[in-house]
Amino acid sequence: MAVIIDGKAVSAEVKQRVANEVAELKENGIECGLAVILVGDDPASQVYVRNKKRACEACGIYSAEYRLPADTKMEELIALIDELNADEKISGILCQLPLPKGLDEEAVIARIRPDKDVDAFNEANVGKIMIGNYSFLPCTPAGVIELIKSTGVDMTGKNAVVIGRSNIVGKPMAMLLLHNNATVTICHSKTQNLKEICANADILVAAIGRPNFVTGDMIKPGAVVIDVGINRMDDGKLCGDVNFEEAEKIAGYITPVPGGVGPMTIATLMQNTVNAAKLQAGIK
Ligand code: NAD
């Protein structure tokens, strides 16, 4: 049976580290602040925003929340971002995605000052991630790397397979695995022989958005299996992209859903907010 990777425990360690850094910065007169913008009333987004606020409180980070109605106009959203870009109390700005129809996500992301872009979605930050010289880690992929490291498994030379090629998870995930010296394959909806490719993975990261998509026969015995997927089932329960029951009999290590990758995403966001405050204060 696989060892279950405890995302809550690993994220608590990261948040403690962040809280210590925040306290140290405060002693030197530097405050860390995160602004979260939520447009519309998507229930999942509301939960994420609440969790982010709680994490800020736990780390001693000032948090400001902006809840806008679903019919908010692009000019209004841009004006708010401009205001936050100029606000010295705010080190990091996050606009919760997806945005309601009619709002241009790319333009919104592009408007956030790169040194306040704690989600690392801005073109400037994506480019830096590609080069491997970055101030902000992409939150979910960075959290996954921490979870893999927590197993003690060395990524160097290992076959790592990422299922999913989104800008938010799949692509930056592949890049971070590459920076950690893994041999990386990215799979997607057009991939042929998906089963065979996955069954050869020492590290398998699923970021698809389809419940129980990864079955036991797609897993190499002893592999590290990371489930990024968050799918809400009809009974209200959360379910990952990996069939946990089948996978835990074969994998060496596996993340649960919930309690795996989710808490790590938020912990990395806290770390990025501190990094933003340091960047703006000219501290390396
Ligand atoms: P997305 O819809 O943008 O991308 C899904 C990817 O899956 C696509 O690249 C697509 O090519 C691939 N895919 C779809 N069907 C496939 C198939 N049959 N075979 C192989 N690949 C297939 O989604 P996303 O934003 O990358 O998110 C993926 C999942 O991760 C979602 O469930 C999302 O809720 C979750 N998520 C979790 C966190 C977290 O903090 N845990 C953060 C972000 C996203």
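Order of appearance sets the numbers: ligands from 1, and atoms from 1 within every ligand.
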Could you find the nearest protein heavy atom to [atom] and give me its residue, atom name and distance?
atom                    : result
atom 29 (C) of ligand 1 : G209 N, 3.7 Å
atom 27 (O) of ligand 1 : V169 CG2, 4.3 Å
atom 2 (O) of ligand 1  : I208 O, 4.3 Å
atom 36 (N) of ligand 1 : V228 O, 3.7 Å
atom 40 (O) of ligand 1 : T265 OG1, 2.7 Å
atom 12 (C) of ligand 1 : G164 CA, 3.9 Å
atom 21 (N) of ligand 1 : H188 C, 3.1 Å
atom 1 (P) of ligand 1  : S166 CB, 4.1 Å

Which heavy atom in [X] sits nearest to a heavy atom in [Y], and how many Å separate them?
X    : Y    : answer
R17  : E146 : NH2-OE2, 4.2 Å
S135 : K128 : OG-NZ, 4.1 Å
F136 : D117 : CD1-O, 3.4 Å
T268 : C139 : OG1-O, 3.4 Å

Do L80 and Y66 come within less than 4.5 Å of each other through their side chains, counting heavy atoms only?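 Yes, close enough: below the 4.5 Å cut-off.
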Below 3.5 Å, N or O to N or O, backbone or side chain included: is there any such pair between I230 and ligand 1?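 By distance alone, the answer is yes.
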Can you check whether Y48 has an N/O within less than 3.5 Å of an N/O in ligand 1?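 In this structure, Y48 places no N or O atom under 3.5 Å from an N or O of ligand 1.
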Could you tell me whether the side chains of [X] and [Y] share a donor-acceptor contact shorter than 3.5 Å?
X    : Y    : result
T140 : T265 : yes
N20  : Q16  : yes
Q271 : E21  : yes

Would you confirm whether K116, through its side chain, and I112, through its main-chain N or O, come within 3.5 Å as a donor-acceptor pair?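 It does not hold such a pair.
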Just to be sure I'm reading this right: ignoring hydrogens, which of C239, S189, P263 gets closest to atom 16 (C) of ligand 1? Compare them by their nearest heavy atoms.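 Going through C239, S189, P263 one by one, S189 has the nearest heavy atom to atom 16 (C) of ligand 1.
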Heavy-atom count around K278 NZ within 6.0 Å, excluding the residue itself: above 12?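 Atom NZ in K278 is crowded, with more than 12 foreign heavy atoms closer than 6.0 Å.
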Under 4.0 Å to a heavy atom of [X] - the qualifying atoms of ligand 1, by number:
X    : value
F213 : 17 (C), 18 (N), 19 (N)
I163 : 20 (C), 21 (N)
A207 : 5 (C), 6 (C), 7 (O), 28 (C)
G262 : 40 (O), 41 (N)

Heavy atoms only, cut-off 4.0 Å: how does R210 contact ligand 1, side chain, backbone, both, or neither?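 It is the side chain that gets close, since no backbone atom is under 4.0 Å.
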